[in-house]
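A short worksheet on the structure shown next.
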Number of protein chains: 2
Amino acid sequence: MKTISRKEEIIQVASRLFYEKGYKTVSMRDIATAMDIKAASLYNHINGKQEILSEIILKVAEEFTVGMENVVSEKISAIEKVEKVIEMHIDITVNYSEALAALNNDWMHLEKSNLSAFVKMREDYEENFRKIIKQGIEMGEIKAHHPEVILFSILSTLRTLYLWYQKRGKLDMNILKRDMVAVLIKGLI
Amino acid sequence: MKTISRKEEIIQVASRLFYEKGYKTVSMRDIATAMDIKAASLYNHINGKQEILSEIILKVAEEFTVGMENVVSEKISAIEKVEKVIEMHIDITVNYSEALAALNNDWMHLEKSNLSAFVKMREDYEENFRKIIKQGIEMGEIKAHHPEVILFSILSTLRTLYLWYQKRGKLDMNILKRDMVAVLIKGLI
DNA sequence: GTCTATAAGCAGATAGAC
DNA sequence: GTCTATCTGCTTATAGAC
């Protein structure tokens, strides 16, 4: 049971509010009120609203980057890599579900240098995933559909998982992983 | 080549801006500037910013509602219904791609009565889709995975299609439909 | 570390002239 | 139908007392 700093508390509270109402709709007063302090007091711990956003988004973006690099470096088949990516997404969703709202919906409000860092990480991530799929098609492990359609279909599902996790979070994670992998890889019929 | 009213023009311009920056970030001044008029002039055609949002969202929501009702009433197998739903989503995405950003991301900013109307339509839509899937499982047409996982997986992909359509809109729609149906229904392997 | 007070700017919206 | 001028309230952020 670790004690969290005031800055970490701000980020935690802000993540929840951003998840509920979106970055632009949440004011510094809203965040302060939720912590039972005044808005001005926040500025003793953080430099501004932008900093809260970038701390939330970049931390999770780095988790995805590291996770994907780990999968890529493993010596397993393409299909097994896809499975690992799906499982990694589910794990990160469980640990950072509220932060994922900002990452998915509010990344465009990052300020310039953080914005380009985020976009770079996101593009690299997609490119790594694309390579896995293309390799799987070349090796005959994956059916030769348009690789972009496959990439998009899996990524959209994984990226919006955080929305669904909050509503039906009770579902056992192992069952979720098993069924999600099965549905995405083996299809419906 | 139909001439559009000033009100329709406002809604069209606003849809594009909401797609690019989100409802909360776009000001009435932004919309007016994009039309080369002053913000005050907008109020001669619409009652306020909220009205612009509800016009955009509810129109498309009704398209989905009607489309789903048509599919449900057809006398075809569950798998064929799923195919029809996917094709309908692709058609609506092509026709209303910018409006779909507001529908997906800004529906929570609708005012009370429009908000509840939208939520009702959305829930009915999901329930109809859920019934199709459950029926398919009962009839043995669809594998007996958790129906919520199947529903969520297909819906997430279809709901974020508008993002992808803008980037790679050049792809032939018939190829997209064929591959999307194949990937979502038959899977990767 | 939190407070009060306040600055400077932008938001949605209205009144009334043309 | 569009304009200018303006109102009211909220935004992020800072200064300085305690």
*Counting only non-hydrogen atoms, which of residues 13-23 of chain B are less than 4.0 Å from DNA chain C?*
none
*asked:* Under the rule for side chain to side chain donor-acceptor pair (under 3.5 Å), what residues qualify as partners of A:Gln50, not counting sequence neighbours?
replied: none
*Give every residue pair that meets the ring-ring contact (aromatic ring centres under 6.0 Å, His included) criterion with at least one member in residues 23-43 of chain B, sequence neighbours excluded.*
B:Phe18-B:Tyr23, B:Tyr23-B:His109
_Rounded distance (Å) that lies between atom C1' of C:dG1 and atom CD of A:Glu8_ = 17 Å
*Got more than 12 heavy atoms from elsewhere within 6.0 Å of NZ, B:Lys49?*
yes
Protein-nucleotides 8-11 of chain C N/O pairs closer than 3.5 Å?
none

*Gap between atoms CD1 and C1', on B:Ile46 and C:dT14 respectively (whole Å)*: 13 Å
*Just compare C:dG1, C:dT4, D:dT4 and give me whichever is closest to any side-chain atom of B:Lys38.*
D:dT4
*Sequence neighbours excluded - salt bridge (Lys or Arg N to Asp or Glu O under 4.0 Å) pairs with any residue from residues 142-160 of chain B*: A:Arg168-B:Glu148, B:Glu126-B:Arg159, B:Arg130-B:Glu148
*Taking atom P of D:dT12 as reference, at what distance in whole Å does atom CG of A:Leu53 sit?*
12 Å
*Send over the distance from A:Ile37 CD1 to C:dC3 P, rounded to a whole Å.*
6 Å
*Give a yes/no answer on whether the side chain of A:Ser41 brings an N or O atom under 4.0 Å of OP1 or OP2 in C:dG1.*
no
*Partner set under ring-ring contact (aromatic ring centres under 6.0 Å, His included) for B:Phe64, not counting sequence neighbours*: B:His89, B:Tyr125
*Mind checking side chain to side chain donor-acceptor pair (under 3.5 Å) for B:Glu63 and listing every partner two or more places apart, or none if nothing turns up?*
B:Tyr96
*Only counting residues at least two apart or in another chain, list the ones meeting salt bridge (Lys or Arg N to Asp or Glu O under 4.0 Å) with B:Glu20.*
B:Arg16
_Applying side chain to side chain donor-acceptor pair (under 3.5 Å), can you list everything that pairs with B:Lys7, at least two apart in sequence or on another chain?_
B:Glu51, B:Glu55
*List for me each residue that meets side chain to side chain donor-acceptor pair (under 3.5 Å) alongside A:Glu69, sequence neighbours excluded, and say none if there are none.*
none
*Distance in angstrom units between A:Glu51 CD and D:dT12 P, rounded*: 15 Å
*Starting at CD1 of B:Ile31 and ending at P of C:dG12, how long is that distance when rounded to a whole Å?*
8 Å
N/O-N/O pairs, protein side and nucleotides 15-18 of chain C side, under 3.5 Å:
none

*Would you say B:Tyr43 reaches C:dA13's phosphate, i.e. side-chain N/O to OP1/OP2 under 4.0 Å?*
yes
*Any ring-ring contact (aromatic ring centres under 6.0 Å, His included) pairs touching residues 135-157 of chain B, not counting sequence neighbours?*
A:Trp164-B:Phe152
_Distance, rounded to the nearest Å, where B:Asn47 contributes CG and C:dA13 contributes P_ = 9 Å
*Sidechain-backbone polar pair: B:Asp30 side chain, B:Val26 backbone, donor-acceptor under 3.5 Å*: no
